[in-house]
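Presented below is the structure to which this report refers.
Just so you know, residue 1 is the first one in the sequence shown, and it goes up from there.
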Amino acid sequence: MVQAAALQRNESGIETAVGVLKQRFGDRLQTGAAIREQHGHTTTWIENQSPDAVVFPHSTEEVANIVKVCAAHKVPVIPFGTGTSLEGHVNAPAGGISVDLSQMDKILAVNVGDLDCVVQPGVTRADLNTHLRDQGLFFPIDPGANASLGGMAATRASGTNAVRYGTMKDNVLSLEAVMPDGQVIRTGHRARKSSAGYDLTRLLIGAEGTLGIITEITLRLHGIPEAISSARCSFPTVDAACQAVMMTIQYGIPVARIELLDQMSVKAANAYSGLDLPETPLLLLEFHGSDSGAAEQAETFGQIAEEFGGSDFTTTSTTEERNKLWQARHDMYWASLQLRPGAQGISTDVCVPISRLAECVTAAQDKAAELGLLAPIVGHVGDGNFHTLLLIDMDNPAEVAGAEDFVGWLNDMAISMEGTCTGEHGIGQGKRPYLVKELGAATAYMAAIKSALDPDNIMNPGKIL
């Protein structure tokens, strides 16, 4: 594992806070080693840093109670959703209290006429869409994992539909949050726009729990399209596939999803999901609209794909076939692990301007080959975002060092292309060294905001800054 920096512990404060909270929450506060380790777990190579206790609140008032106790004794508070984040967001480098919000899982209101809803942070995206289905509505943000909506807001999640529907920041109308002093605030209401003061909603979205704990979210919803059509198309090279993506976006085709799988990823998907796709780079697409609109979008893309050597272009509007394709895409992490049984999968992402996408993806493939790394690539390429999954033997120091070199090189390259070191995974612990490289003096202003709101640095310390 990559070593994560430990921060100074407040031993007496932690002991006191755990004791007070145990009296108030009883069995809903746990200190067993297994559950603490689970709540320090990250699906990455950063070492596990467990909290001292895990507490399960049921309401905003209980979250505020927890934070007030921790603030009084200067004890770290680490929000926890479903634990699917990738850059060490839920680690506890200074110990403290993990606040598991999974039991705050109520859908509080659905306002069909206004296309919005109000949910608690523990509601997952899949549960919300199941609830909405019979009302003709859906929530479009789909990061792959069945993440909690609170965690998705805190990490500014994105996913396969972002090219058409945007990211979490585009689909949250307002938040309720508990701030570092235990005060409960609401950042807005249900109006579709507002010019009232600073945009605290956007400040908390993507703050990774370092400024407050999100306890309620008002989300923008969308009507389920009249027609949904999926398509797949194979290409001779990754470069050709990326060129087709760029042309598709430049033509203004309103694709809902456009996903890249490189040759290794297609091979893994065939084996894991029982598909028979040609084992060359692949684009998966989805078109939303009317029957004629979706068909026209697919036809136009087919013409573009042909220009770049696309072949085996197939469309389908049947739910079963569409779900089979997209489930295979969502299963890519597990499928890729089968390419090297016993290896650990280290996922990293970057995002670049769409005009630099082909260059960046091709360079990443070449660099992985140069370092002798097995590294399948998938990507939400409609917005220039792609993921590399490094399959590493963690007992091999040379491979670990090579992986570290690759991740650092990839981040630096994306930044040099006027992109970002993270399109959707967030900063957490893993990408902190690259934030200053990317944003320069702006990080000092981030630090000033953090210090002003959280002077004792109790809110998810050691993340972002």
Nearest heavy atoms of Phe386 and Ile377, plus distance in Å: CD1-CG2, 3.9 Å
Lys431 side chain vs Cys421 backbone, donor-acceptor pair below 3.5 Å: yes
Any Asp262 side-chain heavy atom under 4.5 Å of Ser265 side chain: yes
Heavy-atom closest contact (Ile458 atom, Val75 atom, distance): CB-O, 3.5 Å
Between Glu321 and Thr316: side-chain donor-acceptor atoms closer than 3.5 Å: no
Residue Asp27 excluded, over 12 heavy atoms near CG under 6.0 Å: no
Glu286 (side chain) donor-acceptor with Ser230 (main chain) under 3.5 angstrom: no
Side-chain heavy atoms of Val63 within contact of Leu101, under 4.5 Å: yes
Ile449 side chain reached by Leu203 side chain, heavy atoms, under 4.5 Å: yes
Enclosure of Gln8 CD (heavy-atom neighbours >12, cutoff 6.0 Å): no
Under the ring pair (Phe, Tyr, Trp, His ring centres under 6.0 Å) test, residues paired with Trp409 that sit two or more places apart: Phe406
Heavy-atom donor-acceptor pair, Thr16 side chain to Ser12 backbone, under 3.5 Å: yes
Salt bridge (Lys or Arg N to Asp or Glu O under 4.0 Å) evaluation trace for Arg432 with Glu438: CA-CA 10 Å; Arg432 283 187 309 173; Glu438 182 172 325; over 6 Å; no
Arg125: which of Asp142, Thr130, Asn146 passes side-chain hydrogen bond (donor to acceptor under 3.5 Å, both in side chains): Asp142
For Ala191 against Leu173, the heavy-atom pair lying closest together: O-CD2, 4.2 Å
Spatial distance of atom CG (Asn91) from atom CD (Glu47) [nearest 0.5 Å]: 7.5 Å
Step-by-step side chain to side chain contact (heavy atoms under 4.5 Å, CB included) determination, Val378 to Glu259: CA-CA 7 Å; Val378 298; Glu259 298 284 300; 5.8 Å; no
Validation row: Leu211, Lys450 side chains within 4.5 angstrom (heavy atoms): yes
Polar side chain donor-acceptor pair, Gln429 to His89, under 3.5 angstrom: no
Heavy-atom closest contact (Asp412 atom, Lys437 atom, distance): OD1-NZ, 3.2 Å
Within 6.0 angstrom of Gln327 CD, more than 12 heavy atoms from elsewhere: yes
Shortest non-hydrogen separation from Gly209 to Asn460 and the atoms involved: O-CB, 3.4 Å
Working for side chain to side chain contact (heavy atoms under 4.5 Å, CB included), residues Thr31 and Val18: CA-CA 9 Å; Thr31 57; Val18 171; 4.2 Å; yes
Main-chain N/O of Asn161 paired to Arg257 side chain as donor or acceptor, under 3.5 Å: no
Short side-chain to backbone donor-acceptor contact, Gln49 and Ala92, under 3.5 Å: no
Option from Arg24, Arg28, Lys68 for which salt bridge (charged side-chain N to carboxylate O under 4.0 Å, His left out) with Glu62 holds: Arg28
Heavy-atom neighbours of Gln338 CD exceed 12 at 6.0 Å: yes
Geometric class of the Phe56/His39 ring pair [parallel <30°, tilted 30-60°, perpendicular >60°]: perpendicular
Exam field: side chain Glu208 to backbone Ile427, donor-acceptor pair closer than 3.5 Å: yes
Residues Asn10 and His73: side-chain donor-acceptor under 3.5 angstrom: no
CD on Gln38 to CG on Asn48, rounded to 0.5 Å: 10.5 Å
Ile66 side, atom CD1; Leu29 side, atom CG - distance, nearest 0.5 Å: 8.5 Å
Residue pair Arg156 / Glu424, side-chain heavy-atom distance below 4.5 Å: no
Polar side chain donor-acceptor pair, Thr201 to Thr187, under 3.5 angstrom: yes
Note, Val110 side chain near Gln135 side chain (heavy atom, < 4.5 Å): yes
Heavy-atom donor-acceptor pair, Thr124 side chain to Ala147 backbone, under 3.5 Å: no
Mutual orientation of the aromatic rings belonging to His425 and His387 [parallel < 30°, tilted 30-60°, perpendicular > 60°]: tilted
Close side-chain approach of Glu226 and Asp291, heavy atoms under 4.5 Å: yes
Derivation and outcome, side chain to side chain contact (heavy atoms under 4.5 Å, CB included), residues Met446 and Leu439: CA-CA 10 Å; Met446 294 183 188; Leu439 297 178; 3.4 Å; yes
Interatomic spacing from CG in Leu373 to CZ in Arg340 - rounded to 0.5 Å: 9.0 Å
Minimum side-chain heavy-atom gap Cys360-Met413 below 4.5 Å: yes
Glu61 vs Val184, side chain to side chain contact (heavy atoms under 4.5 Å, CB included): CA-CA, chis, key distance, verdict: CA-CA 8 Å; Glu61 291 72 23; Val184 179; over 6 Å; no
Residues 215-225 side chain polar contacts: donor-acceptor under 3.5 Å, at least two apart:
unit_1, atom_1, unit_2, atom_2, d
Thr215, OG1, Thr60, OG1, 3.4
Thr215, OG1, Glu176, O, 3.4
Thr215, OG1, Glu176, OE1, 2.9
Glu216, OE2, Arg186, NH1, 3.3
Glu216, OE2, Arg186, NH2, 2.8
Thr218, OG1, Ser174, OG, 3.3
Arg220, NE, Asp170, O, 3.3
His222, NE2, Asn171, OD1, 3.2

Any donor-acceptor pair under 3.5 Å from Asp114 side chain to Asp116 backbone: no
Gap between atom CE of Met168 and atom CE of Met152 - 0.5 Å precision: 5.0 Å
Ser273 side chain vs Leu275 backbone, donor-acceptor pair below 3.5 Å: no
Heavy-atom closest pair, residues Arg232 and Leu325: CD-CD2, 4.1 Å
Spatial distance of atom CG (Asn111) from atom CG (Leu115) [nearest 0.5 Å]: 9.5 Å
Ring geometry between His288 and Tyr165 (parallel below 30°, tilted from 30 to 60°, perpendicular above 60°): tilted
Heavy atoms of other groups near Lys22 NZ, more than 12 under 6.0 Å: yes
Asn385 side-chain N/O to Val381 backbone N/O, donor-acceptor pair under 3.5 Å: no
